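One structure is given below, encoded as structure tokens.
Numbering starts at 1 and runs along the sequence shown. Remember, it's a predicted structure, so these values are computed and weren't measured experimentally. Just the heavy atoms: all of them, side chains too, but no hydrogens, waters or symmetry mates, feed the values below.
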Amino acid sequence: MDRGKALQWWQARWFVALATLIATIPLLWPEIPPLVDLPGHMGRYRVQLVYDQVPWLHDWYNFQWSLMGNLGVDLLVIPLSHVFGLEFAVKLIVIAIPAMTVAGMLMIAREVHGRIPATALFALPLAYAFPFHFGFVNFALSMALALLAFGWWLRLARQGRFLLRSIVFVPVSILIWVAHTFGWGMLGVLAFSAELIRQHDLRRSPGVPWYRDLVHGWLLPAIHAGIQCLVLAPPALLMVAWRSGGHVSGQTGDWFNWRAKTLWVTQVFRDRWQLFDIASVGVLFLLLLKAVRDPNIQYSRNLALSGLFLLAVYILLPRIVFGSAYADMRLVPFLLAIGILAIRPKPGLSIRGAAMVAALGMAFFGARIAATTYSFYLYGKSYDRELVALEHLPQGARLVSFVGETCYNEWTMTRLQHVPALALERKLAYTNDQWSMAGGQLMTVRYADAKRFAHDPSQIVTDVQCPREWWRPVPWALARFPRDAFDYVWMIRPPGYDPRFEQGLIPVWRDGTSALFKVDHSVPAPVVMPGELPVPRWERELILNDGRQPKVMISPGNDSR
């Protein structure tokens with residue numbers, strides 16, 4: 001595309017800055033970004049900051065620094081918390097993630113097409129996709145950095161500064177890997193596919209079909225592209241050291257789960273309003289289909305190849321990698337984003353037509369941002385209501401929490417599953433919602449007295465026994481948790497239960513169904529008659545294995561995020 005033509009409004013630098021700022025709006029109001037896993041991470045951040053100064057934390061948790069591909073926000077909060085305090089530091093980092101994601105998308109579009117095509121604006125709402133709502137903050141940070149890095153990779157290639165690119169991308173690749181392994185892998189796929197197209201264009205013979213010039217047209221370019229991308233390889237050695245250290249747990253499995261992979265695509269915008277969220281996915285697919293059928297629109301070979309490579313990765317990637325769930329789901333919004341960014345109008349399309357497309361794209365972006373802003377406002381209000389309980393909790397309390405859930409996978413998630421960790425973050429209290437998977441993150445749980453209520457997902461309770469066998473019915477949890485190990489019980493919107501299961505629990509605070517109780521250790525737990533409560537499958541397996549954890553127990557909460 002001719003870079004000398006006059007810029008349209010969606011191609012100007014001021015628009016890039018404006019779009020980046022607009023991406024921060026949903027996160028400005030809530031004191032704590034209402035992302036499902038984020039409060040759990042914030043509890044861990046507090047432990048890492050004060051572990052050496054608070055002796056009772058050593059009784060409950062083991063924290064040990066090690067080099068791994070999952071440290072992005074964990075490292076950034078250290079300097080920022082000294083300036084802004086932990087909670088505001090986390091908020092600033094989280095706000096920066098969608099902003100960087102939008103900036104990275106627009107940078108890639110400009111480098112690939114010469115100017116930002118009007119259709120690129122439809123990709124911007126993907127900065128607030130389901131993986132971000134889930135609170136995979138290290139992952140989301142690394143992917144935002146990967147998009148920016150890929151834009152820089154393309155720019156240096158366009159400028160012919162290959163030596164500089166080779167020098168700077170060694171540390172860049174390491175930094176992205178340290179943030180989260182997924183971002184480094186994404187950067188490698190994008191960089192290799194872009195370099196393959198560049199090398200192919202340098203060597204192709206005009207007029208010769210590709211199948212007759214396979215060696216010079218594709219095989220040699222692939223070798224040269226691989227050589228160019230060797231500067232991104234050093235983190236592979238770090239990964240080998242990380243995963244072969246003998247202390248990493250977690251299994252890889254659930255391959256080719258086509259039902260789940262289909263659901264991840266339809267749920268890419270999953271937030272609060274199902275019809276609106278699914279319709280938004282439909283808008284993207286209509287645009288992708290129109291680009292195939294409309295003679296006035298075409299795909300960039302560069303990003304089209306990147307999209308095909310990412311599609312292959314998505315198909316081959318299992319749902320669970322090293323015990324980390326939703327591995328394939330996380331790729332979907334970026335696969336769609338690359339597909340949208342690959343679209344451009346063919347030369348000759350009128351400015352008026354492009355301006356109309358840009359206006360529609362901006363309206364789509366604005367509608368998604370407005371809906372997300374209101375949704376986050378509502379989630380923030382629910383956080384504020386539940387966190388009043390912490391005003392009645394003493395420092396260093398031994399707290400067991402039970403958060404209500406249902407057996408159904410409702411579209412609108414409560415986002416309260418890890419709110420108990422804010423008691424650890426604010427009150428340095430023990431909470432039973434922390435993940436405990438050696439090698440997946442820096443902290444594991446060591447509080448043996450908590451027994452089967454030591455870590456995630458023991459905080460999740462339901463009204464009946466669910467097919468998700470690791471979730472317990474609330475009566476079972478209240479009757480069976482080891483009362484000598486805890487001083488307080490925090491009930492967060494639990495399902496209804498017989499009040500007699502509150503025997504030995506003194507109410508300290510109530511709001512609706514939520515409550516904070518002090519445990520009266522002089523009163524025994526309620527007596528449960530044989531057969532009165534169903535025994536969760538996970539409990540049965542523990543009993544059969546003499547208390548040892550089942551060989552395979554993978555849940556939505558049991559992953560490193």
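Nearest heavy atom pair, residue Tyr383 against residue Pro39, reads OH-CG, 3.9 Å. Taking both residues in full, the closest heavy atoms of Trp490 and Ala515 are given as CD1-O, 3.4 Å, listed atom of the first, atom of the second, then distance. For the residue pair Met362 and Ile22, the shortest heavy atom distance occurs at CE-CD1, 3.6 Å. Nearest heavy-atom pair across Leu148 and Ala103 is CD2-C, 4.0 Å. In this structure, Phe130 and Gln267 approach most closely via the heavy-atom pair CB-O, 3.4 Å. Residue Arg330 comes nearest to Pro131 through the heavy atom pair CA-CG, 3.7 Å, listed as atom of the first residue, atom of the second, then distance.
By the side chain to side chain donor-acceptor pair (under 3.5 Å) test, Arg385 is found to be paired with Asp511, residues two or more places apart in sequence or in another chain being considered.
Within the model, atoms CG of Leu67 and CG of Leu442 stand 10.0 Å from one another, a figure rounded to the nearest 0.5 Å. To the nearest 0.5 Å, atom CD of residue Gln459 and atom CD of residue Gln417 are 8.0 Å apart. Distance check: Leu38 CG to Tyr45 OH gives 6.5 Å after rounding to the nearest 0.5 Å. Separation of atoms CG (Asp449) and CZ (Arg398) is listed at 7.5 Å; rounding is to 0.5 Å. Taken to the nearest 0.5 Å, the CG atom of Asn257 stands 7.5 Å off from the CG atom of Asp328. Separation of atoms CH2 (Trp273) and OG1 (Thr372) is listed at 8.0 Å; rounding is to 0.5 Å.
No more than 12 heavy atoms of other residues, nucleotides or ligands lie within 6.0 Å of CD in Gln64, so this atom counts as exposed by the packing criterion. Residue Trp29 qualifies as open at atom CH2: its count of foreign heavy atoms under 6.0 Å is 12 or below.
Using a cut-off of 4.0 Å between Lys/Arg side-chain N and Asp/Glu carboxylate O, Arg44 and Glu425 are scored as not salt-bridged. With respect to Glu410 and Arg415, no salt bridge is recorded, no charged nitrogen being found less than 4.0 Å from a carboxylate O. Salt bridge absent: Arg368 and Asp271 never bring a charged side-chain N and a carboxylate O closer than 4.0 Å.
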Q. Stepwise, does the side chain to side chain contact (heavy atoms under 4.5 Å, CB included) test hold for Leu141 with His180?
A. CA-CA 8 Å; Leu141 175 63; His180 196 280; over 6 Å; no
Q. Taking it one step at a time, do Leu86 and Leu49 satisfy side chain to side chain contact (heavy atoms under 4.5 Å, CB included)?
A. CA-CA 9 Å; Leu86 176 57; Leu49 292 173; 4.0 Å; yes
Q | side chain to side chain contact (heavy atoms under 4.5 Å, CB included) between Phe182 and Leu331, worked out | A | CA-CA 9 Å; Phe182 217 115; Leu331 184 60; 4.0 Å; yes
Q | Residue pair Glu31, Arg426: steps toward the salt bridge (Lys or Arg N to Asp or Glu O under 4.0 Å) verdict | A | CA-CA 13 Å; Glu31 183 179 4; Arg426 292 184 174 181; 3.7 Å; yes
Q. Should Val178 and Trp184 be marked as a side chain to side chain contact (heavy atoms under 4.5 Å, CB included) after you check the CA-CA gap, both sets of side-chain angles, and the distance that decides it?
A. CA-CA 9 Å; Val178 169; Trp184 167 68; over 6 Å; no
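A 4.5 Å side-chain heavy-atom check between Phe269 and Ile278 finds every atom pair outside the cut-off. Residues Pro524 and Gln503 have side chains in contact (heavy-atom distance under 4.5 Å, counting atoms from C-beta outward). Within the 4.5 Å cutoff, no side-chain heavy atoms of Tyr408 are placed close to those of Cys466. Side-chain atoms of Thr431 and His418, non-hydrogen and from C-beta on, never get closer than 4.5 Å to each other. Contact of the Phe334 side chain with the Leu147 side chain is registered, since non-hydrogen atoms from C-beta on lie closer than 4.5 Å. For the pair Met443 and Trp435, the minimum side-chain heavy-atom distance is 4.5 Å or more. In this structure, the side chains of His41 and Val73 stay at 4.5 Å or more apart for every pair of heavy atoms. Residues Leu505 and Lys518 form no side-chain contact, since every pair of their non-hydrogen atoms from C-beta on lies 4.5 Å or further apart.
Checked by atom type and distance alone, the side chain of Tyr374 never pairs as donor or acceptor with a backbone atom of Ile369 at under 3.5 Å. With Ser514 contributing its side chain and Arg493 its backbone, the two residues share a donor-acceptor pair below 3.5 Å. Between the side chain of Asn432 and the backbone N or O of Ser401, at least one donor-acceptor pair lies under 3.5 Å. One N or O on the side chain of Lys261 and one on the backbone of Tyr314 form a donor-acceptor pair closer than 3.5 Å. Side-chain atoms of Lys381 do not come within 3.5 Å of backbone N or O of Pro30 as any donor-acceptor pair. A donor-acceptor contact shorter than 3.5 Å links the side chain of Arg272 to the backbone of Ser375. Judged purely by atom type and a 3.5 angstrom limit, His133 uses its side chain to pair as donor or acceptor with the backbone of Tyr128. Although no hydrogens or angles enter the test, the distance criterion places no donor-acceptor pair under 3.5 Å between the side chain of Asp463 and the main chain of Pro495. Looking at Arg46, its side chain never comes within 3.5 Å of a backbone N or O of Leu428 through a donor-acceptor pair. The backbone N or O of Gln434 lies less than 3.5 Å from no partner atom in the side chain of Asp456, so there is not a single donor-acceptor pair.
Checking Trp60, Tyr61, Trp65 one by one against Phe63, the ring pair (Phe, Tyr, Trp, His ring centres under 6.0 Å) holds for a single residue, Trp65.
Ring geometry for Phe88 against Phe84 counts as perpendicular: the plane angle is over 60°, on a 0 to 90° scale with 30° as the lower cut. A tilted orientation is assigned to the rings of Phe486 and Tyr430, their planes being inclined by 30° to 60°. Taking the six-membered ring where tryptophan is involved, the planes of Phe134 and Phe136 are essentially parallel, since the angle between them stays under 30° and well short of 60°. Taking the six-membered ring where the residue is Trp, Phe481 and Phe453 present perpendicular rings, their angle passing 60° and hence far from 30°.
For Phe517 and Trp509, the ring centers are positioned 6.0 Å apart or more.
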